[in-house]
Trainee: 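Take a look at this one; I'll ask things after.
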Amino acid sequence: MIRWLAGGLVVAGLIVLVAALYPNGAPQNRGPADVIGMNAPSFVVPLVGGGTIDLHSLRGKPVLLNVWATWCGPCRREMPALERLSREERDRLTVVAVDQGEDPSIAKAYARRFGVTFPVAVDANQRLGTVLHLAGLPSSFFIDKNGVIRDAVDGEMTFDAMLSRANALTAAL
């Protein structure tokens, strides 16, 4: 009996060891940069002011898609720079912010409180974050007029960093 038990434990240990060391093909350390060069997802999300926005419908003009949440400190610090970029570059660039997982009334109150004038949407189920391989918040995606993701940033950006990336995106037109 003890020999059977010991043998079973050895076999189980070998199975665990092989499973841990054998590559399974699953991607490791995925992040927003993994989607550069891919088409932006055709994704419909509700706007906090009513209606919806479809990322596919924004084709024809470059887009900065920012994924954020009100509880995220870096997201809150970055929001004034997004607003400034939206106002200064409105003829060349569309800025859209998609809140991840919060109640729309929270995102709406935040946008109103801080004077956000660009479209703000809420992805209550956080499906967009999954599709875009978010590693954290905020994450930003620079999408060309044809709907191709040309740049991605995981983390907070300054206005100058946003403007530089926006200029690179629009220069490629």
Trainee: Is it true that Asn66 and Glu78 share a donor-acceptor pair across their side chains at a distance under 3.5 Å?
Mentor: yes

Trainee: Check the pair Trp68, Tyr110 against ring-ring contact (aromatic ring centres under 6.0 Å, His included), reporting the backbone distance first and the verdict last.
Mentor: CA-CA 12 Å; Trp68 69 292; Tyr110 179 91; 5.2 Å; yes

Trainee: Do Arg84's NZ or CZ and the ring of Phe159 fall within the cation-pi criteria of under 6.0 Å and 45°?
Mentor: yes

Trainee: Kindly work out whether a path of hydrophobic side-chain contacts (I/L/V/M/F/W/Y, heavy atoms less than 4.5 Å apart) joins Val148 to Leu169.
Mentor: no

Trainee: Does Thr94 reach the side chain of Pro62, with side-chain heavy atoms less than 4.5 Å apart?
Mentor: no

Trainee: Before giving the answer on side-chain contact (heavy atoms from CB on, under 4.5 Å), spell out for Arg150 and Ile143 the whole-Å C-alpha distance, their side-chain angles and the decisive distance to 0.1 Å.
Mentor: CA-CA 6 Å; Arg150 296 295 176 191; Ile143 304 166; over 6 Å; no

Trainee: Please report the interatomic distance CG(Asp123) to OG1(Thr130), rounded to the nearest 0.5 Å.
Mentor: 8.0 Å

Trainee: Of the non-hydrogen atoms in Pro80 and Arg77, which two are nearest, and what is the gap between them?
Mentor: CD-O, 3.3 Å

Trainee: Quick check for you: to the nearest 0.5 Å, what is the distance between Asp154 atom CG and His133 atom NE2?
Mentor: 13.0 Å

Trainee: Can you tell me if Asp54 uses its side chain to pair, donor with acceptor, with the backbone of His56 under 3.5 Å?
Mentor: yes

Trainee: Let me confirm one number: the CD1-CG distance from Ile149 to Asp34, rounded to the nearest 0.5 Å.
Mentor: 11.0 Å

Trainee: Answer yes if the side chains of Asp160 and Thr158 hold a donor-acceptor pair under 3.5 Å, and no otherwise.
Mentor: no

Trainee: If you define the side chain from C-beta out and look only at heavy atoms, does anything of Val45 sit under 4.5 Å from Leu55?
Mentor: no

Trainee: Please find the pair of heavy atoms, one from Met162 and one from Leu85, that lie closest to each other, and give the distance.
Mentor: CB-CD2, 3.9 Å

Trainee: Where the side chain of Glu102 meets the backbone of Val122, is there a donor-acceptor pair that is under 3.5 Å apart?
Mentor: no

Trainee: Would you say Asn146 and Asn39 make side-chain contact, with heavy atoms under 4.5 Å?
Mentor: no

Trainee: Flag yes if Val98 and Val44 sit in one hydrophobic cluster, no otherwise; membership is Ile, Leu, Val, Met, Phe, Trp, Tyr, and two members link when side-chain heavy atoms are under 4.5 Å apart.
Mentor: no

Trainee: For the atom pair CZ (Phe142) and CG (Asn167), what is the distance rounded to the nearest 0.5 Å?
Mentor: 10.0 Å

Trainee: How close do Pro74 and Pro138 get, counting heavy atoms only, and between which atoms?
Mentor: CB-CD, 3.7 Å

Trainee: Minimum heavy-atom separation for Ala152 and Ile36, please, with both atom names.
Mentor: N-CD1, 3.8 Å

Trainee: Might you point out which heavy atoms bring Asp151 and Arg165 nearest each other, and give the distance in Å?
Mentor: OD2-NE, 2.8 Å

Trainee: For the CD atom of Glu156 and the OG atom of Ser139, what is their distance to the nearest 0.5 Å?
Mentor: 12.0 Å

Trainee: Should Val48 and Ile106 be counted in the same cluster of Ile, Leu, Val, Met, Phe, Trp and Tyr side chains packed under 4.5 Å apart?
Mentor: no

Trainee: Run the numbers on Val96 and Leu64 for side-chain contact (heavy atoms from CB on, under 4.5 Å), then give the verdict.
Mentor: CA-CA 6 Å; Val96 177; Leu64 167 51; over 6 Å; no

Trainee: Rounded at 0.5 Å granularity, tell me how far CZ in Arg127 sits from CD in Gln100.
Mentor: 10.5 Å

Trainee: Specify the closest pair of heavy atoms between Lys61 and Leu93, including all atoms of both residues, with the distance to one decimal.
Mentor: CE-N, 3.5 Å

Trainee: Do Val131 and Phe141 belong together in a cluster built from hydrophobic side chains that touch within less than 4.5 Å?
Mentor: no

Trainee: Any side-chain heavy atom of Leu128 within less than 4.5 Å of one from Leu65?
Mentor: yes

Trainee: Do Arg76 and Thr70 touch side chain to side chain, with heavy atoms closer than 4.5 Å?
Mentor: no

